Amino acid sequence: MIDITLPDGTVNQYSEEITAGEIVDDIYGRKHGCIAASVNGEERDFSFVIADLENIGGTCSASVDGIKTDSDAGMHILRHSAAHLLAQAVMEIYPDAKPTIGPAIERGFYYDFDMEPIGESDLRTIQKKMSQLARQNLSVERVECSDEELENLFASNPYKMEIISDKVEDGSGSTIYKQGEWYDLCLGPHVASTAKLMNVKLTSISTAYWRGDQSRQQLMRIYGIVEPSKDALKETLQRIEEAKKRDHRKLGKDLQLFHIDEEVGQGLILWTPRGAAVRQELQDFILVELRRQGYYQVFTPHIGKLDLYRKSGHFPYYQDSQYPALVERDLMKKLADEDCSCGELSNLMSAGDIEGYLLKPMNCPHHIKIYDSQPRSYRNLPLRLAEFGTVYRWEQSGEISGMTRVRGFTQDDAHLFVTEEQIAKEVLGCIEIVQIIFKTLGMDDYRVRVGLRDPDSDKYVGEGEKWDKAEAACRTAALSLGVPFTEEEGEAAFYGPKIDFVVKDVIGREWQLGTVQVDYNLPERFDLTYTGPDGQPHRPVMIHRAPFGSMERFCGVLIEHFAGKFPTWLSPTQVHVITISEKHNLWAQEVISALVEAGVRVEADMSDATVGKKIRTHRKMQPNYMVILGDEEVEKKTVSLRGRNNEQVNGMPIGEFIEKLTAEIQSKDLQLTLTPKTEKQD
RNA sequence: GCCACUGUGGCAUAGCGGUAUUGCACCUCAUUGGUAAUGAGGAGGUCGUGAGUUCAAUUCUCACCAGUGGCUCCA
């Protein structure tokens with residue numbers, strides 16, 4: 001007999017043949033809704049025989065519980081099993097396809113196949129087959145296999161063979177999971193039957209490289225989602241639809257916030273007046289904070305000499321993702337006369353044999369030069385130089401997307417030149433600004449990432465000792481933040497580690513927004529010094545920081561965060577004035593003038609359409625308030641308000657309106673305060 | 001950069017080997033109307049760009065450009 005500890009702490013005795021599934025049945029009854037079991041905290045199949053636990057004897061015990069789909073672990077198993085079902089369906093339809101890997105991912109699952117290209121329309125066929133297989137209620141069986149057996153089973157699939165030779169230790173064998181005729185190399189666990197996988201939707205089709213390596217075989221990747229019930233699936237699909245409506249690329253167009261024009265160029269944002277208003281508010285907002293923290297504002301040009309970026313390392317490190325350098329006309333002509341090819345030109349530049357100008361990919365070298373323009377003393381440190389600096393990077397064409405990944409963008413950049421003792425305090429100050437921004441905007445769904453160097457890579461500049469110090473500084477700062485963070489190797493900049501604030505867009509892609517980076521290396525490269533209290537030269541440390549990150553990316557994410565419904569202080573147009581008939585236009589003009597005078601962004605509709613029509617039309621632009629003006633308002637010199645929340649307040653004196661509105665704007669309130677939501681009785 | 005798909009007036013769409021449909025927005029006229037579409041009329045597109053096939057191409061083929069979803073990359 002074996003002692004089994006149940007979730008409520010009681011201990012039951014079972015026979016040695018007992019499986020995890022039988023115990024879960026015992027605990028929760030037949031209709032338990034669990035899809036797998038947890039044995040001593042480890043995920044196991046229902047078919048797992050407890051006595052098979054290593055080191056368990058007749059007297060030993062284990063704790064067992066069920067795993068439901070209301071947990072991440074449960075959904076992970078469900079998704080992973082759905083990936084298997086997908087592979088089974090694909091193999092039945094395309095017997096020549098070679099399955100490779102098929103993991104669960106955050107919102108669903110995928111499976112990669114080496115196969116002839118298929119299209120979106122084929123997804124329906126595959127999904128149909130999956131439903132068929134699910135309905136057949138095939139039991140999913142775990143089978144232990146020796147090395148030899150594995151090699152026989154997967155001999156015709158080089159991908160599986162590669163996994164076996166890489167991941168399976170010689171002589172240890174591994175397991176396969178079998179459902180019907182189909183089987184796959186897998187450690188599990190899985191659901192006990194395909195019947196659990198009825199509610200699947202294949203969402204998209206794409207390609208990926210085998211093992212993410214561009215030089216290797218290209219595979220067809222099929223994505224899908226799975227839910228435990230029909231309703232849950234419906235809900236998830238609805239949520240995805242809702243999220244798509246917030247897409248900043250769509251809202252940016254509808255709300256006329258920005259424009260991207262083919263003729264201007266890929267990934268180059270044109271800020272239209274409405275979008276520019278949002279950006280300007282954000283910039284003004286942060287400038288106040290910067291002054292408070294003792295920053296100085298600077299301005300620097302959009303280009304700089306190639307040599308500058310050779311020295312900083314940007315040119316050699318990121319040559320492929322920069323716009324080609326600009327070369328002086330005479331030199332260009334001379335080289336052309338010498339039949340110099342583009343390739344040769346590029347080589348000459350790399351070698352440093354010709355000089356040219358680069359569109360700046362980073363602001364730091366320019367700011368470094370400002371630091372270095374005069375002798376610095378420890379008494380002047382920290383020196384904090386800030387600039388909304390526009391930089392240009394030649395991002396891969398396939399990567400460019402809306403405002404979040406572009407080729408020209410403006411960083412709310414600053415560089416702090418500090419002594420080593422000042423690092424901790426200054427980093428905290430930087431983080432504080434990021435937090436003020438997030439808090440003011442109600443963005444609480446972000447994660448913090450400490451990016452460290454990848455010990456196996458040689459892409460970094462500087463000595464290990466300096467890196468150790470810088471990484472320690474970042475870690476300490478992150479710890480003092482008091483929020484959870486992850487440390488990720490390989491996420492550092494080439495010159496130093498960083499603390500990133502990462503948020504997700506509507507389709508689940510993660511974007512780095514705010515960033516703080518500690519850099520011992522560029523000061524070294526540029527031989528920066530300050531005079532210490534001892535009268536000797538010392539090396540400053542640089543902190544690079546950009547709380548918004550890029551104005552483009554931040555605004556893109558912000559559009560999605562607010563679903564286009566900006567709080568009043570940020571709103572492209574705060575008030576739309578609507579007249580009931582032409583008789584009221586005169587008063588409307590007065591109201592508009594008063595609002596403009598008060599610095600309010602206002603638009604008017606004095607056309608002869610009906611009120612209902614005007615409201616309907618103007619709602620689409622999401623003004624915070626509409627002011628409706630008719631006989632009554634004209635007579636009493638008042639305004640009637642209709643908030644974006646569809647609440648109404650009538651007959652407010654114009655003075656009171658402007659006073660309350662400007663107060664709302666100044667407070668940066670996230671809610672409408674003039675037409676608060678009334679408590680509705682049910 | 002790689003793969004797949006897509007590209008019709010400002011936006012959203014129909015369509016097809018014989019120069020294009022509908023709605024919203026826009027303009028005009030009538031209407032002077034109180035909180036999610038008043039009525040009538042009108043203008044606007046050579047169907048992403050270029051080349052090819054064809055008597056004829058928006059519709060077929062190719063190249064390029066751009067977008068979308070992924071992969072890879074992201075100072």
Side-chain angles (χ1 to χ4, degrees), chain A residues 110 112 117-122 203-223 244 247 249-250 253-254 256 259-267 309 312-322 360-365 391 393-402 404-407 411 451 459-461 491-496 498 507 509 511-512 515 517 519 522 544 546 550 553 578-585 607-620 626-633 640-643 646-648 650:
Chain A
Y110 69 78
D112 287 347
I118 56 170
E120 296 273 345
S121 54
D122 300 308
T203 49
S204 69
I205 194 158
S206 184
T207 55
Y209 300 99
W210 172 236
R211 300 204 146 174
D213 184 342
Q214 218 160 346
S215 66
R216 304 195 69 179
Q217 180 63 38
Q218 190 143 40
L219 309 168
M220 293 302 301
R221 173 170 294 181
I222 300 173
Y223 285 89
K244 276 187 186 152
D247 193 318
R249 292 167 298 188
K250 177 169 169 41
K253 213 178 256 180
D254 293 348
Q256 296 164 21
H259 174 65
I260 299 169
D261 197 286
E262 255 187 66
E263 285 195 89
V264 175
Q266 213 185 359
Y309 299 102
S312 71
H314 292 101
F315 183 67
Y317 276 85
Y318 293 99
Q319 198 166 351
D320 292 340
S321 43
Q322 281 163 4
K360 72 176 166 189
M362 277 293 253
N363 300 306
C364 24
V391 297
R393 299 176 185 176
W394 186 263
E395 302 287 2
Q396 298 185 66
S397 61
E399 262 309 331
I400 290 168
S401 172
T404 42
R405 193 74 188 268
V406 293
R407 282 187 173 161
Q411 298 176 310
K459 76 165 192 172
Y460 306 100
V461 296
E491 290 293 331
F494 75 85
Y495 48 72
K498 52 184 189 164
I507 45 182
R509 285 189 285 214
W511 299 104
Q512 172 198 313
T515 182
Q517 311 171 355
D519 176 10
L522 290 184
H544 308 236
S550 117
R553 176 176 291 178
I578 283 167
T579 51
I580 287 175
S581 86
E582 284 167 14
K583 291 183 296 188
H584 315 117
N585 287 1
S607 71
D608 60 357
T610 58
V611 187
K613 169 70 170 204
K614 290 188 201 178
I615 287 171
R616 189 183 165 86
T617 307
H618 285 261
R619 259 181 64 83
K620 290 181 182 148
M626 285 193 236
V627 162
I628 318 285
L629 303 176
D631 286 339
E632 277 187 41
E633 289 77 14
S640 284
L641 293 178
R642 182 196 169 91
N646 295 332
E647 301 292 337
Q648 269 176 248
N650 291 337

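Below, chains carry the letters A, B, ... as their sequence lines are ordered, and counting in each starts from 1. Since the model is a prediction, treat every value here as computed from it, not as a measurement. Side chains included, hydrogens not; waters and symmetry mates left out as well; all remaining heavy atoms used.
- Atom-to-atom, CD1 of A/Ile260 to C1' of B/C65 comes out at 15 Å; the value is rounded to the nearest Å.
- Residue-level contact check: A/Ser312 touches neither bases nor backbone, having no heavy atom under 4.0 Å from any strand.
- Contact annotation: the side chain of A/Gln319 never approaches that of A/Pro361 to less than 4.5 Å [non-hydrogen atoms, C-beta and beyond].
- Proximity note for A/Met362 (side chain, C-beta onward) versus B/C24, B/G67, B/A75: the nearest is B/A75.
- Between B/C3 and A/Gln218, no contact under 4.0 Å exists linking OP1 or OP2 to a side-chain N or O.
- Contact annotation for A/Ile578: no contact, since no heavy-atom pair falls under 4.0 Å across all strands.
- At a threshold of 4.0 angstrom between heavy atoms, the contacts of A/Asp631 include nucleobase atoms, whether or not backbone atoms are also involved.
- For the pair A/Glu491 and A/Lys498, the salt-bridge criterion is not met [side-chain N within less than 4.0 Å of a carboxylate O].
- When every heavy atom of A/Asn646 is checked against every heavy atom of A/Arg619, the shortest pair comes out as OD1-NH1, 2.9 Å.
- Among the heavy atoms of the strands lying under 4.0 Å from A/Glu632 is at least one base atom, whether or not backbone atoms are also near.
- Atom CD of A/Glu582 is separated from atom C1' of B/C29 by 13 Å (rounded to the nearest Å).
- As judged by a 4.0 angstrom heavy-atom cut-off over every strand, A/Thr203 is placed among residues making no nucleic acid contact.
- Minimum atom distance to the side chain of A/Thr617 is reached by B/A25, of the listed B/A75, B/A25, B/U35.
- Here A/Asn650 lies in heavy-atom contact (under 4.0 Å) with a base.
- Rounded to whole angstrom, the span from the NZ atom of A/Lys620 across to the C1' atom of B/C26 amounts to 13 Å.
- A/Ser640 and A/Glu633 share a donor-acceptor pair across their side chains, judged by distance under 3.5 Å alone.
- Here the nucleotide nearest the side chain of A/Ile628, chosen from B/U35, B/A25, B/U32, is B/U35.
- Classification of A/Arg249 and A/Asp247 as a salt-bridged pair holds, one side-chain N sitting under 4.0 Å from a carboxylate O.
- Note on A/Tyr110: nothing from the nucleic acid sits closer than 4.0 angstrom, heavy atoms only.
- Among the heavy atoms of the strands lying under 4.0 Å from A/Asn646 is at least one base atom, whether or not backbone atoms are also near.
- For A/Ser401, the side-chain atoms get nearest to B/U68 when compared with the rest of B/A36, B/G67, B/U68.
- A/Arg509 comes within contact range of the sugar-phosphate backbone alone, with a heavy-atom separation under 4.0 Å but no base atom that close.
- Note: CD (A/Gln396) to P (B/G69) measures 16 Å, nearest angstrom.
- Residue contacts for A/Arg619: at a heavy-atom cut-off of 4.0 Å it reaches a base atom on one of the strands shown.
- Rounded to whole Å, atom P of B/G67 lies 14 Å from atom CD of A/Glu263.
- Here A/Lys459 lies in heavy-atom contact (under 4.0 Å) with sugar-phosphate atoms only.
- When side chains are defined from C-beta on, A/Val406 does not count as touching A/Glu395, because their heavy atoms never get closer than 4.5 Å.
- When each of A/Ser204 and A/Gly630 is assigned the nucleotide of RNA chain B with its nearest heavy atom, A/Gly630 is the one assigned upstream, toward the 5' end.
- At the heavy-atom level, A/Gly398 lies under 4.0 Å from base atoms of the strands shown.
- Following rounding to the nearest Å, A/Trp511 (CH2) and B/A75 (P) show an atom-to-atom distance of 13 Å.
- Under the 3.5 Å distance criterion, with hydrogens and angles disregarded, no donor-acceptor pair is assigned to the side chains of A/Gln322 and A/Tyr309.
- For A/Gln319 and B/C74, the CD to C1' distance is 17 Å, given to the nearest whole Å.
- Among the nucleotides B/G33, B/C3, B/A75, the one closest to the side chain of A/Thr207 is B/C3.
- What separates CZ of A/Phe315 from C1' of B/A75 is a distance of 14 Å, to the nearest Å.
- Pairing for B/U21 is absent, judged as Watson-Crick or G-U wobble with the two contacts each under 3.5 Å.
- When heavy atoms are screened at a 4.0 angstrom cut-off, A/Ile615 is found touching base atoms of the nucleic acid.
- Under 4.0 angstrom from either OP1 or OP2 of B/U68 there lies at least one side-chain N or O belonging to A/Arg249.
- With a cut-off of 3.5 Å on both Watson-Crick or G-U wobble distances, the partner of B/U38 is given as B/A30.
- In this structure, the nucleotide among B/A30, B/C65, B/C71 sitting nearest to the side chain of A/Tyr223 is B/C71.
- For B/G1, one of the phosphate oxygens OP1 or OP2 lies less than 4.0 angstrom from a side-chain nitrogen or oxygen of A/Ser397.
- Counting non-hydrogen atoms under 4.0 angstrom, A/Gln217 reaches nothing in the nucleic acid.
- Defined by atom type and a distance below 3.5 Å, a donor-acceptor pair is present between the side-chain atoms of A/Arg221 and A/Tyr223.
- Of the candidate nucleotides B/A75, B/A36, B/G34, B/A36 has the atom lying nearest to any side-chain atom of A/Arg642.
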